[in-house]
Protein chains: 2
Amino acid sequence: MDVKTLCLGLLSFRPASGYDLKKEFESLFKHFFPAGYGSIYPALADLATAGYVECEEIAQQGKPDRKVYAITPAGQSAFSQALAQANPRHKLRSEFLATIYFAELMDADQLHELLDNRLAELRDAIAHIDQVSNGDRDLPAGARFVAGFGATLAAAAAAYIEEHGAMLLKDARQDSRRAKRPRRAAQTNLETRV
Amino acid sequence: MDVKTLCLGLLSFRPASGYDLKKEFESLFKHFFPAGYGSIYPALADLATAGYVECEEIAQQGKPDRKVYAITPAGQSAFSQALAQANPRHKLRSEFLATIYFAELMDADQLHELLDNRLAELRDAIAHIDQVSNGDRDLPAGARFVAGFGATLAAAAAAYIEEHGAMLLKDARQDSRRAKRPRRAAQTNLETRV
DNA sequence: TTAGGCATGTAAAGTGTTACATGATTTG
DNA sequence: CAAATCATGTAACACTTTACATGCCTAA
C-alpha cells in the first residue's frame with residue numbers, strides 16, 4: 001500500500017482534488033502515513049493514466065484549474081484487490097530511539113531536550129487526533145479505530161518516557177561546559193513530572 | 001540519522017564487520033530501525049571513503065575476507081555531531097492502519113485475519129525484545145530504555161487491538177461467498193480474548 | 001500589509017528494498 | 001542430506017523528500 005493506493009482509497013469515498021487529498025493526509029493520516037504534494041500529485045497522474053480515476057477540470061478565476069478526480073469501476077476493483085492483499089506492513093524508523101540508544105555518549109542537557117521535545121510532539125499528536133476525531137461526530141468505525149489506536153499509543157509512549165526517562169539521565173555525561181549555567185532543564189515537563 | 005550514521009555509532013562501541021552489524025540490526029534495532037545488507041555494505045564503504053572508519057581485512061579459508069571496520073577519531077567526532085543534531089524524527093508508515101481505515105470495505109474474515117496477523121507480529125516482537133534484553137544482563141541504560149519502550153508500545157498496541165477490534169467486525173461486510181464455510185476465524189486469538 | 005490559504009505541478013537528490021551472484025562450513 | 005550460518009557485495013528499482021516555480025484572494 002503506497003501513497004498511490006491510499007489516494008485511490010480516499011477517492012473511493014468521494015471525489016477530490018490533490019489539494020483536498022493533502023488535507024486529508026494532514027488530518028488523520030498525518031501521524032501514521034504522511035504524504036506531501038510531491039507524492040500526491042504524481043500519484044493522481046499515474047492513477048489517471050491507469051484508468052483508475054477520471055479527472056474533471058473546473059476553471060477558476062485567479063487560481064489554477066481545480067482538477068477533481070473521481071474513481072472509476074476499474075479503480076474500485078483495483079482498490080478492493082489492494083485491500084485484500086495479504087500482508088500490510090507497519091514500518092517504523094525512529095531516529096529518536098536510535099539516538100537514545102547512544103544516551104551514554106550524550107550530555108544531560110542534550111538528553112533532556114531530546115526527551116522533552118519528544119514528549120511535546122506526542123502531546124501535540126494526541127491533541128491533534130482528539131481534535132480531528134471530535135470534529136466529526138459520526139466517524140466510520142475504521143477511522144475511529146485508527147484515531148483511538150494513534151492516541152492510545154502516543155499516550156503509552158509519553159507515559160513510558162515520563163516514567164523511565166530518569167534512568168537515562170543518571171548515566172548521562174555531565175558536560176562541564178554547561179554545568180555552571182543555571183539548569184534550563186529544571187523547568188521541563190520531565191523534571192516536574194517524574 | 002540514516003543507516004550510515006547508525007553503523008558509525010555501533011562501530012563507536014566496538015569494531016565489527018558488515019555481517020556483525022547486520023546481526024546487531026536484527027537484534028534490538030529490528031523493530032524500530034531495520035536495515036539489510038543492501039544498506040549496510042554501501043554505508044560501510046561510504047564511511048571508509050569519508051575517513052570515518054578504517055578497514056582491516058582478515059583472510060579466511062573458504063570464505064570471503066572478513067572486513068573488520070574500526071572507527072577513527074574523525075568518525076568519533078562526526079558521530080558526536082550527528083547525535084547532537086536537533087531533531088531526530090520518529091517516522092511511522094503503517095499500511096496496517098491504512099488498511100483498517102477502510103474496514104467497511106472489507107469482509108469480516110479478511111479483517112479477522114488482518115487483526116490476528118498483527119497481534120501475532122506484536123507478540124513475536126515482545127518475545128523477541130524480551131529474549132534480546134534478557135540475554136544480556138548488563139545492557140547499557142540506552143539499550144534498556146529502547147527495549148522497554150518497544151515492549152511497552154507493542155503491548156499497548158496488542159491490548160488496543162484486543163479491546164477494540166470487535167467494533168470493526170460489527171460493521172464489516174458479511175461476504176456471502178464465505179458465509180457458508182465454517183468460520184476459520186472462530187479459532188483466532190481475537191475471538192477467544194475479546 | 002502580511003500571513004495564510006487556495007491550487008497546481010516538476011525535477012533532482014536522497015534513501016532504502018529486493019533480487020542477484022557465489023560458495024564453503026557447520027549443525028541437526 | 002538439508003538447512004542454517006558465515007561472508008561479501010552490486011545493480012536495478014521503487015519511493016519519498018525537498019526545493020523550485022507561480023500567483024491570486026482573504027482575513028487580521
Side-chain angles (χ1 to χ4, degrees), chain A residues 1-8 15-27 29-30 32-50 53 55-69 82 85 87-95 98, chain B residues 1-8 15-27 29-30 32-50 53 55-69 82 85 87-95 98:
Chain A
M1 173 104 67
D2 50 17
V3 173
K4 184 152 69 171
T5 309
L6 240 185
C7 286
L8 188 59
S17 68
Y19 193 83
D20 297 335
L21 291 179
K22 177 62 160 41
K23 277 190 297 189
E24 295 209 47
F25 274 98
E26 288 305 317
S27 74
F29 290 154
K30 187 176 181 185
F32 72 88
F33 210 115
Y37 289 125
S39 308
I40 293 169
Y41 283 120
L44 288 171
D46 288 354
L47 289 171
T49 303
V53 299
C55 174
E56 188 190 0
E57 294 187 37
I58 298 170
Q60 298 181 119
Q61 309 142 291
K63 299 174 196 172
D65 291 358
R66 189 176 145 81
K67 293 189 180 181
V68 176
Y69 294 86
Q85 187 221 39
N87 220 26
R89 296 258 123 228
H90 184 81
K91 275 186 215 168
L92 174 62
R93 168 144 298 177
S94 178
E95 300 175 2
Chain B
M1 171 105 67
D2 50 17
V3 172
K4 186 153 65 172
T5 310
L6 240 184
C7 286
L8 188 59
S17 67
Y19 193 84
D20 296 335
L21 291 179
K22 177 63 161 40
K23 278 191 294 188
E24 295 209 47
F25 274 98
E26 288 306 316
S27 75
F29 290 153
K30 187 175 179 185
F32 71 89
F33 210 114
Y37 290 125
S39 309
I40 294 168
Y41 283 120
L44 288 171
D46 288 355
L47 289 171
T49 303
V53 299
C55 174
E56 188 191 358
E57 294 188 37
I58 298 169
Q60 297 183 119
Q61 311 140 289
K63 298 174 197 173
D65 291 359
R66 188 177 148 82
K67 295 188 177 180
V68 176
Y69 294 87
Q85 185 221 39
N87 218 26
R89 297 259 122 224
H90 184 80
K91 273 188 215 166
L92 174 62
R93 167 144 298 177
S94 178
E95 301 175 2

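As the structure is a prediction and not an experimental result, all values here were calculated from the model. The figures here come from the full heavy-atom set of this structure, side chains too, leaving out hydrogens, waters and symmetry mates. Quick note on labels: first sequence line is chain A, next is B, and so on, each numbered from 1.
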Q. Axis-to-axis angle across the helix from dT1(C)-dA28(D) to dG28(C)-dC1(D), five pairs an end, to 10 degrees?
A. 60°
Q | With Glu26(A) via salt bridge (Lys or Arg N to Asp or Glu O under 4.0 Å) - residues at least two apart | A | Lys22(A)
Q. Which atom pair, heavy atoms only, marks the closest approach of Val53(A) to Leu44(A)?
A. CG2-O, 4.2 Å
Q.
Would you say that Leu92(B) contacts His90(A) through its side chain, given a criterion of any heavy-atom pair below 4.5 Å between the two side chains?
A. yes
Q. In chain order, what residues pass the ring-ring contact (aromatic ring centres under 6.0 Å, His included) check against Tyr41(A), with sequence neighbours excluded?
A. Tyr37(A)
Q: Would you indicate which nucleotide in dT10(D), dA7(C), dT16(D) comes nearest to any side-chain atom of Asp2(A)?
A: dT16(D)
Q: Let me know the distance between CZ of Phe29(B) and P of dG16(C), rounded to the nearest Å.
A: 14 Å
Listing time: all N or O pairs from protein to nucleotides 17-23 of chain D that are below 3.5 Å?
none

Q: Could you check how far CZ of Arg89(B) sits from P of dG16(C), rounded to whole Å?
A: 16 Å
Q: For Phe25(A), enumerate each residue passing the ring-ring contact (aromatic ring centres under 6.0 Å, His included) test, keeping only those at least two apart in sequence or located in another chain.
A: Phe29(A)
Q.
Rounding to an integer number of Å, can you tell me how far Arg66(B) CZ sits from dT25(C) C1'?
A. 15 Å
Q. Given atom OH of Tyr19(B) and atom C1' of dT8(D), what is their separation to the nearest angstrom?
A. 11 Å
Q. Of the nucleotides dT5(D), dT10(D), dG9(C), which one has an atom closest to the side chain of Tyr41(B)?
A. dT10(D)
Q) Between Glu24(A) and Ile40(A), is any pair of side-chain heavy atoms under 4.5 Å apart? A) no
Q) Taking the side chain of Pro42(A) as heavy atoms from C-beta outward, which of dT8(D), dT10(C), dT8(C) is closest to it? A) dT10(C)
**Q.** Under the ring-ring contact (aromatic ring centres under 6.0 Å, His included) test, residues paired with Tyr19(A) that sit two or more places apart
**A.** none
Q. Can you check side-chain contact (heavy atoms from CB on, under 4.5 Å) on Leu6(B) and Phe33(B), steps first, answer last?
A. CA-CA 9 Å; Leu6(B) 240 184; Phe33(B) 210 114; 3.5 Å; yes
Q | Whole angstrom value for the distance that separates P of dA4(D) from NZ of Lys22(B) | A | 14 Å
(Q) Between Pro88(B) and Met1(B), is there a side-chain heavy-atom distance shorter than 4.5 Å? (A) no
**Q.** Value in whole Å for how far the C1' atom of dT10(C) lies from CG of Asp46(A)
**A.** 13 Å
Q: Calculate the interatomic distance between Phe33(B) atom CZ and dT17(C) atom C1'; express it in whole Å.
A: 14 Å
**Q.** Residue Val3(B), side-chain atoms from C-beta onward, closest of dT16(D), dG16(C), dT8(D)
**A.** dG16(C)
Q.
Assuming nearest nucleotide by heavy-atom distance, tell me which of Lys23(B) and Leu44(B) is located more 5' along DNA chain D.
A. Lys23(B)
(Q) Would you say Gln60(B) places a side-chain N or O within less than 4.0 Å of OP1 or OP2 belonging to dA7(D)? (A) yes
Q.
In this structure, how many angstroms lie between the C1' atom of dC6(D) and the NZ atom of Lys67(B), rounded?
A. 16 Å
